[in-house]
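Everything numeric here is computed off the predicted structure, so don't read it as measured data. In listed order, ligands and their atoms are each counted from 1.
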Amino acid sequence: MGNSRKILVTGGAGYIGSHTVRLLLEQGYDVAVVDDLSKGYRHNVPASRLFKLNIAETGALAELMRQTACEAVIHFAAFIAVGESMREPERYFANNVAGSLSLLTAMLQARVKHIVFSSTAAVYGNPHATPILETFPIQPVNPYGESKVMVETLLRWFDAIHGVTSVCLRYFNASGADPLGRLGEEHEPETHLIPLLLRAVISGEPVTIFGHDYDTPDGTCIRDYIHVDDLAQAHILAVEHLVGGGRSGQFNVGTGVGHTVLEIVRAVEEVTGKKVPYVFGPRREGDPPSLVAASGKLRAELGWEPRYADLRSIVTHAWGFARKRKG
Ligand code: UDP
């Protein structure tokens, strides 16, 4: 592809950010990563690309954008734990909302006109139906989801008033890892299903499955698991859309296919060749029974197609990374 477009990526040392940075570099982009390393890892990005900064540092961000002749921003930096947001909402509004406002202010100062934003399916709360269309009501049920809605709102006004165009990508269940095992999911503490199942296989300690009395074919929750590289590619398509003069918009990023928790357990057993130790526990508060994306808008308007739409690739790549990590 060989273009050398200059992109600033916040939160580029985290899970989805680092996979996106790697794809951008492979496709010839010139990337500067801003990360305060509070959650991300230094080893996830080339040292020469990393600027250790918090997104609250407006002046320093603007300076960096000027120095690097930044054309567009991809904004991942945020806190992501729903449960924590129910206990400490102030941290979520400070980091996710005020932090994003600081970033947008820096963009105005440096005259950067385009931003791709990490949003979430949590903006829909408990949707009345699946698959979920982008036009469904916005009604988050926790401060994490609300913080993302608030940034989507900021972005609408920055477009209307300042002409900053934006794409909000509403992620479903990001999962999997770099197919070559160089990067993967390393949240601390880990709360996501697939890495927990893989850890259970390695340690022998059972995972708790949250509820098996839902109104689904096997009683466990249905989610739309999307490979992190397919998710990363959606950001690159969104940048090209905006830089090419495309309009602002909100897009679901999911495959359109749902899987139950027990289907994921079976996929993990097939890939690893081992039994997953698990027990059934009570439902987790706030878990909707089924969250599946309608992904037609992203396909039609940004030309996105998943490369790894099957569960086996997702689990195989996650397993490759988990095994490597355990040495
Ligand atoms: N889940 C589970 N046990 C766990 C973690 C997750 O049964 O230890 C279930 C959870 O209830 C949900 C699905 O796995 O139905 C995916 O959860 P995850 O936390 O990975 O993502 P979320 O859908 O909450 O964003």
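Between atom OH of residue Y278 and atom CD of residue E269 there is a gap of 7.0 Å, rounded to the nearest 0.5 Å. L291 contributes atom CG, which lies 6.5 Å from atom CZ of F172 (distance to the nearest 0.5 angstrom). E63 CD to F51 CZ: the interatomic distance, rounded to the nearest 0.5 Å, is 11.0 Å.
Screening E305, Q27, R307 for a side-chain hydrogen bond (donor to acceptor under 3.5 Å, both in side chains) involving Q233 leaves a single residue, Q27.
Nearest to atom 21 (O) of ligand 1 by heavy-atom distance, out of I264, T120, N173, is N173. The heavy atom nearest to atom 2 (C) of ligand 1, considering only F210, Y171, F280, is found in F210.
In terms of protein heavy atoms, atom 9 (C) of ligand 1 is closest to V261 CG2, 3.9 Å. Nearest protein neighbour of atom 20 (O) of ligand 1, counting heavy atoms only, is L193 N, 2.8 Å. For atom 24 (O) of ligand 1, the closest non-hydrogen atom of the protein is R284 NH2, 2.7 Å. The protein heavy atom nearest to atom 11 (O) of ligand 1 is D287 OD2, 2.5 Å. The closest protein non-hydrogen atom to atom 3 (N) of ligand 1 is T208 O, 2.8 Å.
Between the side chain of H162 and the backbone N or O of V164 there is no donor-acceptor pair closer than 3.5 Å.
R312 has a carboxylate O that lies under 4.0 Å from a charged side-chain N of E270, or vice versa, which qualifies the two as a salt bridge.
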Given the rule in the ring pair (Phe, Tyr, Trp, His ring centres under 6.0 Å) test, do F76 and H19 qualify, once you have shown the distances and angles that lead to the verdict? CA-CA 11 Å; F76 294 99; H19 285 79; over 10 Å; no
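Atom numbering of ligand 1 starts at 1 in the shown order; those under 4.0 Å from a heavy atom of C221 are 15 (O). Atoms of ligand 1 lying under 4.0 Å from at least one heavy atom of T191, given by number and element, are 5 (C), 19 (O).
With contacts defined as side-chain heavy-atom distances shorter than 4.5 Å, the pair E84/Y144 does not qualify.
At least one heavy atom of Y225 sits closer than 4.0 Å to an atom of ligand 1.
Where the criterion is an N or O separation shorter than 3.5 Å, residue side chain and backbone included, R223 meets it with respect to ligand 1.
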